[in-house]
Amino acid sequence: MIASLAGTVTQVNLDRAVIDVNGVGYLVHATPATLAGLRPGEPAQLHTMLVVREDSMTVYGFADADEREVFETAQSVSGVGPRIALAMLAVLTPEALRRAIAGEDLAALRRVPGIGAKSAQRIVLELTGKLGAPGADGGAEHVAAPTTDGRGQVVDALAGLGWSVKVAEDAVAKVLAEAGTETVAETDVPATLRAALRRLGPRG
């Protein structure tokens, strides 16, 4: 198992990145929130999981070990493979997923592409007790949220995905205007990025 990768980011796309480790480029699939923290030409370290199938070997990357563990545990549910598990983490943070499981919040789970009513019920049934109680994951990533403006991070992430800086800035400005604010807290960077991506739509 490839448990982690540390190297230089050479490419960032909408759902994947390439990390050069000693001359070998690893294609890593990740959530928008994880990809938002990567910059081409800069060093990066990701917690990873290698998923081996008969016809493929795919590396999935995560910002922290908790995300990787949730990704792995989610696949214990019948019918949930790595793509749906990654989609779950793209829509819900590990803590939000714990809350949804604990509260049997099927509506939250159905926000994930590929999850319908029956599969949401099955996920709640099969993951109950496996992810830990909400707030029981150590909480390190949820404590003392910085107040610095993360607007530039969102713009840089969009630029890394192929949009011009001007288009990225306009999209972020519109998202913030709708939210009635002019700044982005560090903890709101992933949500702002997702909102901007929805506004921009698919490239090409």
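Just the heavy atoms: all of them, side chains too, but no hydrogens, waters or symmetry mates, feed the values below.
Residues forming a side-chain hydrogen bond (donor to acceptor under 3.5 Å, both in side chains) with Glu42 (at least two apart in sequence, or on another chain): none. Every residue meeting the salt bridge (charged side-chain N to carboxylate O under 4.0 Å, His left out) condition with Arg39, not counting sequence neighbours, appears here in chain and number order: Asp156. Shown here are the ring-ring contact (aromatic ring centres under 6.0 Å, His included) partners of Phe62, two or more places apart in sequence or in another chain: Phe71. Shown here are the side chain to side chain contact (heavy atoms under 4.5 Å, CB included) partners of Ala96, two or more places apart in sequence or in another chain: Leu92, Thr93, Arg99. Scored by the side-chain hydrogen bond (donor to acceptor under 3.5 Å, both in side chains) test, Thr192 finds no partners at all (sequence neighbours excluded). Listed by chain and residue number, Ser78 satisfy the side-chain hydrogen bond (donor to acceptor under 3.5 Å, both in side chains) test with Glu126 (two or more places apart in sequence, or in another chain). With sequence neighbours left out, Arg199 forms a salt bridge (charged side-chain N to carboxylate O under 4.0 Å, His left out) with Glu178. With sequence neighbours excluded, no residue forms a ring-ring contact (aromatic ring centres under 6.0 Å, His included) with Tyr26. Qualifying ring-ring contact (aromatic ring centres under 6.0 Å, His included) partners for His47, counting only residues two or more places apart in sequence or in other chains: none.
Taking a 4.5 Å side-chain heavy-atom cut-off between Ile, Leu, Val, Met, Phe, Trp and Tyr, the cluster of Val18 extends to Leu27.
Here the closest non-hydrogen pair linking Arg53 and Pro82 is NH2-CD, 3.3 Å. Heavy-atom minimum distance, Gly61 versus Val28: N-CG1, 3.2 Å. Among all heavy-atom pairs drawn from Ala74 and Val80, the shortest one is O-CG1, 3.4 Å. In terms of heavy atoms, Ser4 sits closest to Thr48 at N-OG1, 3.1 Å. Minimum interatomic distance between Gly79 and Ile84 (heavy atoms only, all atoms of both residues): O-CD1, 4.0 Å. Closest heavy-atom contact between Leu109 and Ala120: CD1-O, 3.7 Å.
Thr128 places a side-chain N or O within donor-acceptor distance of the main-chain N or O of Val124, the cut-off being under 3.5 Å. Checked by atom type and distance alone, the side chain of Arg16 never pairs as donor or acceptor with a backbone atom of Tyr60 at under 3.5 Å. Put simply, the side chain of Arg194 never gets that close to the backbone of Pro32: no donor and acceptor are under 3.5 Å apart. The main-chain N or O of Asp66 is found under 3.5 Å from a side-chain atom of Asp64 such that the two form a donor-acceptor pair.
Side-chain contact, Thr31 with Thr34: a donor N or O sits under 3.5 Å from an acceptor N or O.
Contact check for Thr10 versus Pro40: no side-chain heavy atoms found under the 4.5 Å cut-off. Side chains of Met88 and Ile123 form a contact here, defined as non-hydrogen atoms less than 4.5 Å apart. Between Glu69 and Glu72 the shortest side-chain heavy-atom distance does not fall below 4.5 Å.
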Side-chain donor-acceptor contacts of residues 164-176 below 3.5 Å, not counting sequence neighbours, with atom names and distances?
from, atom 1, to, atom 2, distance (Å)
Ser164, OG, Val167, N, 3.1
Lys166, NZ, Asp170, OD1, 3.2
Lys166, NZ, Asp170, OD2, 2.7

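If you take CD1 on Ile115 and CZ on Arg122, they are separated by 9.5 Å, rounding to the nearest 0.5 Å. Remark: Arg151 CZ to Thr183 OG1 distance equals 8.5 Å, nearest 0.5 Å. The distance from the CG atom of Leu46 to the CD1 atom of Ile19 is 4.0 Å, given to the nearest 0.5 Å. One distance of note links NE2 of His29 with CG of Asp15; it measures 6.5 Å at 0.5 Å rounding.
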> Are Ser56 and Val51 close enough, and set up right, to give a side-chain contact (heavy atoms from CB on, under 4.5 Å), and what steps lead you there?
Replying inline: CA-CA 8 Å; Ser56 67; Val51 176; over 6 Å; no
>> Before you tell me yes or no, could you show the steps for Val59 and Met49 under side-chain contact (heavy atoms from CB on, under 4.5 Å), namely the whole-Å CA-CA distance, both residues' side-chain angles and the distance that decides it to 0.1 Å?
In response: CA-CA 6 Å; Val59 178; Met49 180 175 180; over 6 Å; no
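Among residues at least two apart or in separate chains, there is no salt bridge (Lys or Arg N to Asp or Glu O under 4.0 Å) pair with a member in residues 19-28.
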